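Below: the structure, in C-alpha cells.
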Amino acid sequence: RNRLVFYGEVSFDGKGAAAALAGTRIMVDSRNSFGISYRHYSKGYHNLVAQPYAIGDGRNELGWTLDARMRLPLKVDALLSADIHSFPSLRYGSYRPSTGTWFRAQIARRFGRSCHVSMRYAIREKERNVPYNDSAVYIGEQTLRRQLMGEMRWELGSWQLATKAAWSYFDSENSGGKAGWLVSQQVRYTQGPMQATLAATIFDVKDYYARIYLAETNLQYNFTMPMYYGQGARLYAVARCNIGRNFTVAAKYAITHYFDRQSVGSGAAETDGSNRQTLCLQLRLKF
C-alpha cells in the first residue's frame with residue numbers, strides 16, 4: 001500500500017539512434033493506482049526484435065500517457081487512460097509531422113463466481129493524408145474513430161459461454177461518417193482431456209476505416225485477431241484432446257462468408273467466390 005515506483009529504460013541501435021521510456025506509478029492499494037509515463041523514440045531508431053509501448057512501430061514518436069485503475073462503488077472495476085502523442089517526421093498514412101490523442105475507458109463487474117461483464121469505449125483522433133487526392137501536394141485531414149465493445153462471460157459447469165457485441169464509427173473532415181457493428185457468440189465445452197469451442201459472428205461494417213478486430217480462440221501458441229469489414233458471417237470450431245501426459249492433438253476450422261462480394265482478398269491472395277476457409281492441424285509432443 002501507498003507505494004511510489006519509478007521506472008525507465010534507454011536503448012541505442014547500431015547507428016546510435018536512441019529510444020527512451022520513463023514513468024512513475026502510485027499504488028494506493030491492490031485495486032487503486034495511478035500512473036504517468038513519457039516516451040521518446042527518435043525517427044532513426046531501428047530494432048527488429050523490440051516491442052516497445054507505442055502507438056506506432058516504436059520509432060519517430062513522442063508521447064505522454066496517464067492511466068488510472070480504480071475500484072468504484074458497487075464493486076465495479078474501472079480502467080482509464082489518455083495518450084497524447086506526436087510523430088515528428090512522416091509515417092505511414094501521413095507524409096508530414098502529425099499529432100494524435102487516444103482515450104480509453106473500461107468498466108467491469110463480476111456477479112458471483114460464474115458471470116463477468118465488461119464494457120470498453122475508445123475514441124481516437126489522428127491526422128492522415130486525404131485519400132484519393134489528385135493534387136501533387138499531400139493534404140492532411142483530421143480523423144475521428146470511436147469504438148464501443150461489451151462482453152459477458154459465464155460458466156455453467158463444464159460449459160463456458162461468451163457473448164460479445166461491438167460498434168465502431170469513423171469520420172473525417174472530407175468524408176461522411178461510416179459505422180459498423182458485429183455480434184459474436186462463443187460456446188466452449190471441457191470434459192476431462194477434451195475441449196471443444198464453437199463460435200459464430202455476424203458483422204456489417206460499411207467502411208474499411210471503421211473495421212473491427214476481434215480476438216478468437218486458436219491453437220496453442222498461435223494468435224488470431226481477424227479483421228471484420230463488409231457484410232458477412234464467420235463460423236469457427238476448435239477441438240483439442242490430450243492423449244496421456246505428453247501428446248496433444250488439436251484442429252481448427254474457420255469459414256467466413258461475405259454477403260456483399262464475389263471474390264475475397266486481393267493480388268496473389270485473391271480467391272473467387274464469397275467464402276474464405278482455413279484449416280489448421282497441430283500435433284504437440286512434450287518431453
Side-chain angles (χ1 to χ4, degrees), residues 1-11 17-43 45 47 50-94 96-110 116-128 140-151 166-173 209-210 212-215 225:
R1 288 192 175 189
N2 299 322
R3 289 190 298 167
L4 181 62
V5 177
F6 295 93
Y7 58 89
E9 181 179 1
V10 178
S11 176
L21 172 71
T24 182
R25 185 157 207 90
I26 302 173
M27 290 176 281
V28 181
D29 53 39
S30 61
R31 297 185 181 274
N32 295 274
S33 63
F34 307 88
I36 182 172
S37 66
Y38 174 73
R39 61 189 182 276
H40 187 297
Y41 307 143
S42 61
K43 66 178 182 179
Y45 181 76
N47 189 331
Q51 293 182 330
Y53 173 76
I55 300 296
D57 58 1
R59 57 181 173 176
N60 181 37
E61 182 175 328
L62 313 176
W64 289 91
T65 301
L66 294 87
D67 71 275
R69 300 181 180 183
M70 300 178 290
R71 167 56 69 94
L72 303 179
L74 302 178
K75 298 182 179 181
V76 174
D77 293 316
L79 298 175
L80 305 172
S81 72
D83 193 285
I84 303 172
H85 47 272
S86 65
F87 305 99
S89 184
L90 59 85
R91 61 189 293 267
Y92 174 76
S94 180
R96 64 176 188 176
S98 58
T99 60
T101 58
W102 196 357
F103 300 98
R104 289 168 287 182
Q106 173 180 296
I107 56 173
R109 191 185 192 284
R110 180 172 293 279
H116 182 267
V117 179
S118 65
M119 183 169 290
R120 297 185 293 274
Y121 179 74
I123 179 170
R124 183 179 180 185
E125 290 184 302
K126 69 175 184 178
E127 299 175 51
R128 69 166 185 177
E141 67 174 352
Q142 197 74 20
T143 66
L144 175 68
R145 175 181 169 87
R146 298 187 180 97
Q147 181 167 309
L148 178 66
M149 179 176 291
E151 179 179 2
W167 170 85
S168 66
Y169 178 82
F170 178 85
D171 194 12
S172 65
E173 293 177 340
Y209 294 103
I212 301 174
Y213 293 91
L214 191 67
M225 183 176 283

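Because the structure is predicted, anything quoted here is derived from the model rather than measured. This chain uses plain numbering: 1 for the first residue, then up along the sequence.
Contact of the Leu79 side chain with the Arg120 side chain is not registered, since no non-hydrogen atoms from C-beta on lie closer than 4.5 Å. Residues Arg146 and Tyr121 meet the side-chain proximity criterion, which asks for heavy atoms closer than 4.5 Å. Between Leu148 and Met119 there is a side-chain heavy-atom pair separated by less than 4.5 Å. Contact check for Arg96 versus Leu90: no side-chain heavy atoms found under the 4.5 Å cut-off. When side chains are defined from C-beta on, Pro52 does not count as touching Arg39, because their heavy atoms never get closer than 4.5 Å.
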**Request:** Apply side chain to side chain contact (heavy atoms under 4.5 Å, CB included) to the pair Asn32 and Arg71, showing each step before the final yes or no.
**Result:** CA-CA 6 Å; Asn32 295 274; Arg71 167 56 69 94; 4.2 Å; yes

**Prompt:** Given Arg91 and Ser98, is the side chain to side chain contact (heavy atoms under 4.5 Å, CB included) satisfied, shown in steps?
**Reply:** CA-CA 9 Å; Arg91 61 189 293 267; Ser98 58; 4.0 Å; yes

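Of the inter-residue distances, the one linking Asp29 atom CG with Arg3 atom CZ reads 11.0 Å to the nearest 0.5 angstrom. Between the CH2 atom of Trp167 and the CE atom of Met149 there is a distance of 12.5 Å, given to the nearest 0.5 Å. Atoms CD and CD1, on Glu61 and Ile55 in that order, are 6.0 Å from each other to the nearest 0.5 Å. With rounding to the nearest 0.5 angstrom, the CD atom of Glu125 is 14.0 Å from the CZ atom of Arg145. With rounding to the nearest 0.5 Å, the separation of CD in Gln147 from CD1 in Ile123 is 12.0 Å. Atom CG in Leu66 sits 4.5 Å away from atom CD1 in Ile36 (nearest 0.5 Å).
A donor atom on one side chain and an acceptor atom on the other are not found under 3.5 Å apart for Gln106 and Arg104. Side-chain polar atoms of Glu127 and Thr99 form a donor-acceptor pair below 3.5 angstrom. Between Asp83 and Thr65, the side chains place a donor N or O and an acceptor N or O closer than 3.5 Å (distance only, hydrogens not considered).
Considering every non-hydrogen atom in both Phe34 and Ala68, the closest pair reads CD2-CB, 3.5 Å. Among all heavy-atom pairs drawn from Tyr45 and Ala17, the shortest one is CD1-O, 3.3 Å. Nearest heavy atom pair, residue Arg109 against residue Val76, reads CD-CG2, 4.2 Å. Among all heavy-atom pairs drawn from Tyr7 and Thr24, the shortest one is CE2-N, 3.8 Å. Between Ser168 and Ala210, the closest heavy-atom pair is OG-O, 2.5 Å.
The number of heavy atoms from other shown groups lying within 6.0 Å of CD (Glu9) does not exceed 12. Remark: Arg69 CZ is loosely packed, at most 12 non-hydrogen atoms of other residues, nucleotides or ligands lying under 6.0 Å away.
Note on residues 18-27: pairs passing salt bridge (Lys or Arg N to Asp or Glu O under 4.0 Å), not counting sequence neighbours, are Arg25-Asp67.
Asp77 places no side-chain N or O within donor-acceptor distance of the main-chain N or O of Ile107, the cut-off being under 3.5 Å. Of the possible polar contacts, none joining the Thr143 side chain to the Ser172 backbone as a donor-acceptor pair under 3.5 Å is found. Asn60 places a side-chain N or O within donor-acceptor distance of the main-chain N or O of Ser89, the cut-off being under 3.5 Å.
Residues passing the salt bridge (charged side-chain N to carboxylate O under 4.0 Å, His left out) test with Arg128, sequence neighbours excluded: Glu141. Qualifying ring pair (Phe, Tyr, Trp, His ring centres under 6.0 Å) partners for Tyr209, counting only residues two or more places apart in sequence or in other chains: Phe170.
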